[in-house]
Amino acid sequence: MGFNVAIDGPAGAGKSTIAKTVAKTMQFIYVDTGAMYRTIGFYMLRNGISVDDQEAVCAHLSEVDVTLGYEDGVQQVYLNGENVSASIRTQEVGEAASKVSAMPPVRAALLDLQRNLAKSADILMDGRDIGTVVLPDADVKIFLTASSLVRAKRRYKELVEKGADCDLLTIQKEIEERDYRDSHREIAPLKQADDAILVDSSDMTIEEVVAEIIRLIGEKRK
Ligand code: DC
């Protein structure tokens, strides 16, 4: 069993940016579980299968093979052998992922894959239920959050930099809706594990959060 770090938290809390940097610094393998749910959502959208229809999604689930690979240390996700790492990064795919991730067969299909990855190596896994369900015995558990306004402002800045025309309040509303759906679903909802350490990044820079998480991991590894 490798050394396992679980980072959970809501959309836009900076989990993936921070997890990637921490993993690189500490030479852990980074596993982005959101990318796996996104891949399933992407498959359904691409094939015209409604992500609001659990029966339809589940009927097509066996057609989806999600695998991970690494190129220059960066996680790549494959859908039936095709690298979809870039295509899954849209808002629409994020919404679809949030919907399909509430379906128990979808979660069951990904659970073994996630647990097996953690068995053999030192990994840092991020998601919503890593500390509570996927790796309940993780060596370090972090719950990384920030206020919905701060998260919306970060997302707004990213979109504006890409030249998109968007509205801060609409983004904040979408973030709050996604938080609600992710934390109120019946199976593996987003919640802080009892033994997780809360890190609120609202008033912290990325560098400060990275340093804090490295410090917390270092304490446990002594
Ligand atoms: O972290 P992300 O935005 O890429 O995740 C996309 C969706 O996938 C998110 O809205 C909820 C779901 N998800 C989940 O249910 N469990 C995880 N461990 C990771 C993501």
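Start at 1 and go down the list; that is how both ligands and their atoms are numbered.
- Given atom 10 (O) of ligand 1, the protein heavy atom at minimum distance is Arg178 NH1, 2.7 Å.
- Of the candidates Ala11, Ser101, Ala35, Gly12, it is Ser101 that places a heavy atom closest to atom 12 (C) of ligand 1.
- For the side-chain contact (heavy atoms from CB on, under 4.5 Å) with Val31, the lone residue among Ile130, Leu68, Asn4, Asp126 that qualifies is Leu68.
- Residue Asp182 approaches ligand 1 through these ligand atoms, each under 4.0 Å from one of its heavy atoms: 9 (C), 10 (O), 11 (C).
- Counting protein heavy atoms only, atom 1 (O) of ligand 1 is closest to Arg128 NH1, 2.9 Å.
- Checked for salt-bridge contact, Glu82 and Arg46 meet the test: a charged N lies under 4.0 Å from a carboxylate O.
- With hydrogens and angles left out, the side-chain atoms of Ser98 and Arg178 include no donor and acceptor closer than 3.5 Å.
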Exercise for the section: Take Lys20 and Lys24, measure what side-chain contact (heavy atoms from CB on, under 4.5 Å) needs, and give me the verdict at the end. Expected result: CA-CA 6 Å; Lys20 268 183 215 158; Lys24 198 167 175 196; over 6 Å; no
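- Side chain to side chain, Ser101 and Arg181 fail the donor-acceptor criterion of an N or O pair below 3.5 Å.
- Counting atoms of ligand 1 from 1 in the listed order, those under 4.0 Å from a heavy atom of Gly127 are 17 (C), 18 (N), 19 (C).
- Note that CG of Leu135 is 8.5 Å distant from NZ of Lys141, once rounded to the nearest 0.5 Å.
- Between Asp126 and ligand 1, no N or O atom pair is found at a separation short of 3.5 Å.
- Not one N or O of Asp32 is nearer than 3.5 Å to an N or O of ligand 1, by distance alone.
- Comparing Glu95, Arg107, Met103 against atom 16 (N) of ligand 1, the shortest heavy-atom distance belongs to Arg107.
- The protein heavy-atom contact nearest to atom 8 (O) of ligand 1 is Tyr37 CB, 3.6 Å.
- Taking 4.0 Å as the cut-off, Arg181 does not count as a neighbour of ligand 1 on heavy-atom distance.
- In terms of N/O distances under 3.5 Å, ligand 1 is approached by Arg185.
- The nearest non-hydrogen atom to atom 3 (O) of ligand 1, considering only Gln114, Arg38, Gln91, comes from Arg38.
- Considering only non-hydrogen protein atoms, atom 19 (C) of ligand 1 sits nearest to Thr33 OG1, 3.4 Å.
- With a 4.5 Å cut-off on side-chain heavy atoms, Val140 and Glu219 do not count as touching.
- Nearest to atom 7 (C) of ligand 1 among the protein's heavy atoms is Ala97 CB, 3.6 Å.
- A side-chain contact (heavy atoms from CB on, under 4.5 Å) with Val100 holds for exactly one of Ile49, Thr39, Val57; it is Val57.
- Between the side chains of Arg154 and Ser201, a donor-acceptor pair is found at a separation under 3.5 Å.
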